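First comes the structure, then the notes that go with it.
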Amino acid sequence: MKKYRCWAEIDMGALERNLGRIRAALPPHMQYVAVVKADAYGHGMPRMVTRLMQSGASMFAVANVYEAAELREIGRGWPILVLGPVLPEEEDHLAEYELTATVSTAEEVSRLSAAGERARTRLPVHMVIDTGMGRLGVWHEQVVELYRQIMDSPHLRLAGIFTHFASADTDPDFTGLQSRRFLQALKSLPDLDTRPLLIHAHNSAGLETLSPDSPFNAVRVGLLQFGCLPSPNSILASLKPEPVLGFHTRIGIIKHLPAGTGISYGQTFHLQRDSRLGVITAGYGDGLPTTASNRAQVIIQGKRCPVLGRVTMDQTIVDLTDNPEAAPGDKVTLIGRQGDESIDVQEFSNWADCVPWEAFCSITKRVPRLYRTSREI
Ligand SMILES: *Cc1c(COP(=O)(O)O)cnc(C)c1O
């Protein structure tokens, strides 16, 4: 195998098994919308999408029309939902790539309606309801007007209605309130026939509170399918999701420095003892953020080693004093397993002071993604 300096290993089998486990836990009528925005959370969109298509995803969701166009290249026949707003001048891509847009405002409805007219079609749209996040969506007490505007347009077709939970991983009470507001808003829509519609709200964390008798008939899953729990104590742990991504680098050089030496830019750490140091070939230019300076750990020769001093763009210094076997060229695991030790993306993101979604998205394009179909990687 060709050797790399810093790479991500993506376990295709784990992705498929995760999807299978999530689907098996859902009521059978639930459609699975696979969220693959931001290059499938840094895992590489085309490969992830191809595997998800073969493994039972019903539909895909991305952030914008450009991600959607790239996804459409992979195959027709799967609906693609564009979660973010379509900017003026992007509207014509909707018909071109057979996309489904989301709408929150009257202004969007008129623009998309005009685009539908230009394309001589009815563009499918999902109406977004803001039930308390304050981001996209029409405020839940003002849905009727927007709904009427969509229904009255001969160039739009209402294909779904959804909301987004703001705190599903931290605040079940607020999520419950959002859910009730959503159901109330649906009830207020005159002559609403929900049968042809996708009605959805649940993201990964939301799945914790999904009740099988709700009128929801779709879920939108991102993080969990990549094997990461939305919070460390999530009840979704019972699904036993497997991490899909491993993030590794190597030892460049090893050297010895005496106690008292200052380490790296800013000299934020001074050696407490005579030390054996490893300079590993990854830094923030690869996706190990500076916030992880003096905090993160890595695994080398199956043992945890602390990061010393500030993470730099291309290199990071680790303490090998208690790891005498470590040698130049050795594999260094930033996220993943080595022997009995493992670091999951939750732990990594705690060190990096970010959320796991962000840790995935921070792995840069300098890092090649290697796709493995066997479990022995
Ligand atoms: C990103 C996103 C999701 C997926 O969220 P996860 O927490 O990754 O499962 C679902 N819905 C919307 C609107 C999103 O933007």
Side-chain angles (χ1 to χ4, degrees), residues 15 18-19 21-23 25-26 30-43 45 48-49 52 57-65 67-68 71 79-86 99-104 108 125-138 140 159-172 174-175 178-179 182 198-210 216-232 234-237 239 241 243-245 344-346 349 354-363:
L15 177 73
N18 290 342
L19 178 62
R21 286 175 189 132
I22 300 166
R23 286 215 68 129
L26 293 173
M30 281 283 168
Q31 304 228 30
Y32 186 99
V33 181
V35 179
V36 292
K37 59 196 180 191
D39 201 28
Y41 295 35
H43 290 62
M45 197 266 281
M48 294 294 98
V49 162
L52 290 165
S58 337
M59 184 169 174
F60 293 92
V62 290
N64 60 54
V65 291
E67 292 183 348
L71 204 162
I80 299 175
L81 181 63
V82 179
L83 294 169
V86 175
L99 309 178
T100 303
T102 59
V103 288
S104 311
E108 290 175 291
V125 295
H126 286 209
M127 180 169 80
V128 196
I129 302 181
D130 181 356
T131 54
M133 176 145 176
R135 191 177 63 174
L136 298 181
V138 56
H140 62 99
I161 305 179
F162 75 94
T163 191
H164 193 47
F165 294 141
S167 315
D169 48 345
T170 51
D171 191 345
F174 188 64
T175 306
Q178 284 195 276
S179 232
F182 184 61
L198 275 193
I199 307 286
H200 48 113
H202 298 80
N203 53 0
S204 293
L207 294 180
E208 295 173 4
T209 56
L210 181 63
F216 301 103
N217 56 13
V219 294
R220 304 185 305 272
V221 184
L223 192 72
L224 189 62
Q225 66 196 348
F226 301 113
C228 178
L229 295 172
S231 57
S234 171
I235 56 164
L236 298 168
L239 292 177
V244 172
L245 178 141
D344 64 16
V345 68
Q346 280 281 357
S349 57
C354 69
V355 292
W357 294 260
E358 189 180 350
F360 280 139
C361 289
S362 305
I363 300 176

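Not measured: the values here are computed from a predicted model. One-based numbering, in listed order, for ligands and for the atoms of each.
Here the straight-line distance linking atom OH of Tyr32 with atom CZ of Phe60 works out to 9.5 Å at 0.5 Å rounding. In this structure, OG in Ser204 is found 5.0 Å from CG in Leu224, a value given to the nearest 0.5 Å. Gln346 CD to Ser231 OG: the interatomic distance, rounded to the nearest 0.5 Å, is 7.0 Å.
Taking the six-membered ring for Trp and thresholds of 30 and 60 degrees, His200 and Phe162 have nearly parallel ring planes, at less than 30 degrees apart.
In this structure, the protein non-hydrogen atom closest to atom 7 (O) of ligand 1 is Trp357 NE1, 3.1 Å. Closest to atom 14 (C) of ligand 1, if we only count protein heavy atoms, is Lys37 NZ, 2.9 Å. Protein heavy atom at the shortest distance from atom 9 (O) of ligand 1 is Ser204 OG, 2.5 Å. Residue, atom and distance of the protein heavy atom nearest to atom 13 (C) of ligand 1 are His164 ND1, 3.6 Å. Of all protein heavy atoms, the one closest to atom 8 (O) of ligand 1 is Tyr41 OH, 2.5 Å. Looking only at heavy atoms of the protein, atom 11 (N) of ligand 1 is closest to Arg220 NE, 2.7 Å.
Checked against the 6.0 Å centroid threshold, Phe165 and Phe174 do not count as a close aromatic pair.
Side chains of Glu358 and Ser349: no donor on one and acceptor on the other come within 3.5 Å. Checked by atom type, the side-chain pair Thr131/Thr163 shows a donor-acceptor distance below 3.5 Å.
Taking a cut-off of under 4.0 Å to the non-hydrogen atoms of Leu83, the atoms of ligand 1 that pass are 12 (C), 13 (C), 14 (C), 15 (O). When each atom of ligand 1 is checked for a heavy atom of Leu223 under 4.0 Å away, the hits are 6 (P), 8 (O), 9 (O).
Between Gly222 and ligand 1, at least one pair of N/O atoms sits closer than 3.5 Å.
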